[in-house]
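Below: one structure, written as structure tokens.
In the text below, chain A, chain B and the rest are named by the order of the sequence lines, each starting its count at 1.
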Amino acid sequence: MLDRKFIVENAESVKQNCVHRGVAVDVDRFVELEARRKAMQAEVEELNRQANQVSKSIGQAKDQAERDQRKEEGRRLREQTNEHRAELDAVAAELDALHRSIPNMSHPDAPIGADDQANLELFLGKTPQPQFDFQPLDHVDLAEKLDLVDFDGGARVAGHGFYFLRNDMVLLELALQRYALEVLMAEGFTPMTTPDLARNEILEGIGFIPRGPETQIYSIDNTDLSLVATAEITLGGLYAGQTVDADELPIKLCGISHCFRTEAGAHGRATRGLYRVHQFTKVEMFAYTLPEESDAMLDHLRDLECRLFDGLGVPYRVVDTATGDLGGPAYRKFDLEAWMPGRGEYGEITSTSNCTDYQARRLNIRYKVKGEKGTQFLHTLNGTAIAISRAAIAVLENYQQADGSIVVPEVLRPFVGKERIVAAK
RNA sequence: GGAUGGGUGGCCGAGUGGACUAAGGCGGCAGUCUUGAAAACUGCUGUGCGGGAAACUGCACCGGGGGUUCGAAUCCCUCCCCAUCCGCCA
């Protein structure tokens with residue numbers, strides 16, 4: 001959420017930003033309601049003040065008659081307060097719904113545009129696109145020939161979009177996680193494995209919508225829990241309601257979780273194989289920072305993503321995400337898109353966002369400077385280290401050989417324990 | 001899943017309807033004393049929102065939400081969490 005006062009004082013730029021982001025929300029209505037809310041709040045507080053005064057005087061009343069008379073007065077005040085409060089609650093509810101639908105402001109350098117067509121390519125990774133002297137296969141064919149993924153089995157057990165990893169693919173998945181942790185731990189990230197379920201209020205605080213027709217979230221029946229779509233949810237929820245000392249910042253976490261997505265409405269579009277699935281494993285980076293340090297932290301997270309994929313020897317490009325493609329919470333977002341020879345195009349493999357204080361405000365996460373009065377909302381950032389299924393696609397397709405085998409990227413060899421994945425005889 | 005006991009400020013902890021304006025302690029800050037430090041002593045020390053140039057002041061907050069009452073940390077309902085025991089289990 002944005003600060004209410006900020007919206008009122010900067011209504012025009014908030015409106016302009018909503019246009020850039022393609023979000024239809026009545027900012028004028030918000031400003032109007034906020035003014036009403038403030039006035040009604042003042043009325044209720046005044047009535048409370050009077051009621052408090054009356055209540056106190058009853059305890060000190062001299063005789064029963066006076067007491068009864070004051071009680072009657074208190075009762076009357078309470079009724080009056082309740083009426084005003086009901087009005088206030090109605091206004092506050094409408095205000096809150098509007099408030100939640102207003103997206104974060106956008107970084108001045110974020111490219112302005114309606115969708116990913118307007119994304120700006122910034123630079124390429126260190127690894128050039130591989131030149132094959134044979135027709136490269138896509139990861140589905142490669143996986144089948146090498147017996148690495150069982151899509152049919154996944155479909156029988158859990159439905160389309162689920163799969164079993166098999167044989168060296170299992171080692172590859174673990175190796176990718178281990179490799180990511182190795183790099184991130186050296187950079188001061190605390191490694192964590194996180195719950196795969198979270199409370200809906202946490203999902204909402206991060207910016208996910210757990211229910212409704214548009215939801216991408218699996219929810220657990222008869223509970224207020226949902227399967228997480230990313231460890232961003234659990235790592236960001238970790239400090240919900242907490243106030244941390246400023247000198248503990250930045251807090252850098254990396255979490256391994258399973259990620260579950262219903263991918264409602266995504267059928268027919270790039271659904272082949274591992275690219276868009278209902279479950280995958282991901283190592284996620286998450287950072288809590290001081291406000292003035294979040295821009296630099298976003299660059300840091302992006303650089304780490306580049307390092308991870310340069311290290312893997314996967315060709316990629318870095319993209320500055322357009323305003324219309326940022327989603328609600330992000331102030332700025334960079335994506336890495338890996339070259340996928342089987343698809344013959346780039347596909348998104350990581351995404352890192354600076355959410356400034358947008359999530360922190362919703363989740364009520366603050367910091368306090370020692371010796372100073374008051375607390376402030378801190379900034380939150382997230383970034384994919386390795387999303388296994390898509391990283392695996394990039395590795396399989398870029399490292400495929402004429403003989404059908406897959407060369408294991410050098411950095412993964414200590415963890416996979418072999419240099420090459422070949423068909424079992 | 002069942003039973004019992006709990007959740008109070010940065011921390012510990014007292015508080016079962018009206019002086020709670022939350023005792024006391026620890027920690028922190030400032031001061032006195034001291035060459036300096038420690039100790040001792042004295043004072044101050046929560047958060048959010050609003051009003052005010054400021055001093056100051058109003059409202060809310062004792063796990064979350066709701067209720068009873070003129071008045072709730074305290075009573076009732078509900079949810080969450082923690083501890084211990086039982087059951088089940090990797």
- Message: Using the side-chain heavy atoms of A:Lys38, tell me which of these nucleotides is nearest: B:rG48, B:rG50, B:rA60.
- Response: B:rG50
- Should the pair A:Phe260 and A:Tyr218 be assigned to parallel (<30°), tilted (30 to 60°) or perpendicular (>60°) ring geometry? perpendicular
- Task: With heavy atoms under 4.0 Å as the rule, sort A:Asn52 into base, sugar-phosphate or nothing.
- Result: sugar-phosphate
- Item | Spacing between A:Leu47 atom CG and B:rA60 atom C1', to the nearest angstrom | 15 Å
- A:Tyr331 ring center within less than 6.0 Å of A:Tyr358 ring center: no
- Quick one: label A:Arg76 by what it contacts on the DNA or RNA (base, sugar-phosphate, nothing), any heavy atom closer than 4.0 Å. nothing
- Message: Rounded to whole Å, please give me the gap between CD in A:Gln53 and P in B:rG18.
- Response: 20 Å
- Backbone N/O of A:Ile217 and side chain of A:Arg261: donor-acceptor pair under 3.5 Å: no
- Which nucleotide in the set B:rC59, B:rU69, B:rG18 lies at the smallest distance from any side-chain heavy atom of A:Asn48? B:rC59
- Task: Between B:rC33 and B:rC26, how far apart are the P atoms? Round to whole Å, please.
- Result: 23 Å
- Query: Counting just side-chain N and O atoms, does A:Arg70 come under 4.0 Å of either OP1 or OP2 of B:rG18?
  - Reply: no
- Distance between the P atoms of B:rC79 and B:rG71, in whole angstroms? 26 Å
- Item | Spacing between A:Glu73 atom CD and B:rG71 atom P, to the nearest angstrom | 13 Å
- Mind checking the P distance from B:rG58 to B:rA22? Whole angstroms is fine. 13 Å
- Item | Comparing A:Ala51 and A:Lys5 on RNA chain B - which has the more 5′ nearest nucleotide | A:Lys5
- Using a cut-off of less than 4.0 Å, is there contact between a side-chain N or O of A:Arg78 and OP1 or OP2 of B:rU69? yes
- Message: Let me spell it out: for each of A:Glu46 and A:Val54, pick the nucleotide of RNA chain B with the closest heavy atom. Which residue's pick is nearer the 5' end?
- Response: A:Glu46
- Task: Go ahead and name the base partner of B:rG27; Watson-Crick or wobble counts if both distances stay under 3.5 Å, otherwise write none.
- Result: B:rU45
- Message: B:rU47, OP1 or OP2 - any side-chain N/O from A:Lys368 closer than 4.0 Å?
- Response: yes
- Query: If we call it a pair only when both distances are under 3.5 Å in a Watson-Crick or G-U wobble match, what pairs with B:rA90?
  - Reply: none
- Please state the C1' separation for the pair B:rA73 and B:rU16 - nearest whole angstrom. 10 Å
- Message: So, OP1 or OP2 of B:rG48: does either fall under 4.0 Å of a side-chain N or O from A:Thr375?
- Response: yes
- Task: Could you state the atom-to-atom distance from CD of A:Glu201 to P of B:rC81 in whole Å?
- Result: 11 Å
- Task: Measure from the side-chain heavy atoms of A:Arg75 and tell me the nearest of B:rC70, B:rC59, B:rG51.
- Result: B:rC70
- Item | Nearest-Å distance once atom C1' is located in both B:rG63 and B:rU74 | 16 Å
- Selected nucleotide, minimal atom distance to A:Arg199 side chain, candidates B:rG18, B:rC59, B:rC80: B:rC80
- Query: Expressed in whole Å, how much space separates the P atoms belonging to B:rG5 and B:rU57?
  - Reply: 43 Å
- Message: Only pairs with both distances under 3.5 Å count, Watson-Crick or wobble alike; so what is the partner of B:rG18 in this structure?
- Response: B:rC70
- Would you say the side-chain atoms of A:Thr243 and A:Arg366 include a donor-acceptor pair closer than 3.5 Å? no
- Query: Which value, in whole Å, describes the distance between the P atoms of nucleotides B:rG13 and B:rG7?
  - Reply: 10 Å
- Note on the structure: Rounded to whole Å, NZ of A:Lys71 lies from P of B:rG17 at a distance of 15 Å
- Message: In this structure, how many angstroms lie between the P atom of B:rG71 and the CZ atom of A:Arg49, rounded?
- Response: 17 Å
- Whole Å only: how far is the CG atom of A:Asn364 from the C1' atom of B:rC49? 13 Å
- Message: Looking at A:Glu72 and A:Arg75, is there a salt bridge between them, counting it only when a charged N and a carboxylate O are closer than 4.0 Å?
- Response: yes
- Query: Between A:Asp295 and A:Arg332, is there a side-chain N and carboxylate O pair less than 4.0 Å apart?
  - Reply: no
- Task: Please measure how far the P atom in B:rG24 lies from the corresponding atom in B:rG15, and state the result in whole Å.
- Result: 15 Å
- Task: Provide the Watson-Crick or G-U wobble partner of B:rA40, both distances under 3.5 Å; none if there is no partner.
- Result: B:rU32
- Looking at side-chain heavy atoms only, is the closest gap between A:Phe286 and A:Leu381 below 4.5 Å? no
- In whole angstrom, what separates A:Leu88's CG from B:rG50's P? 14 Å
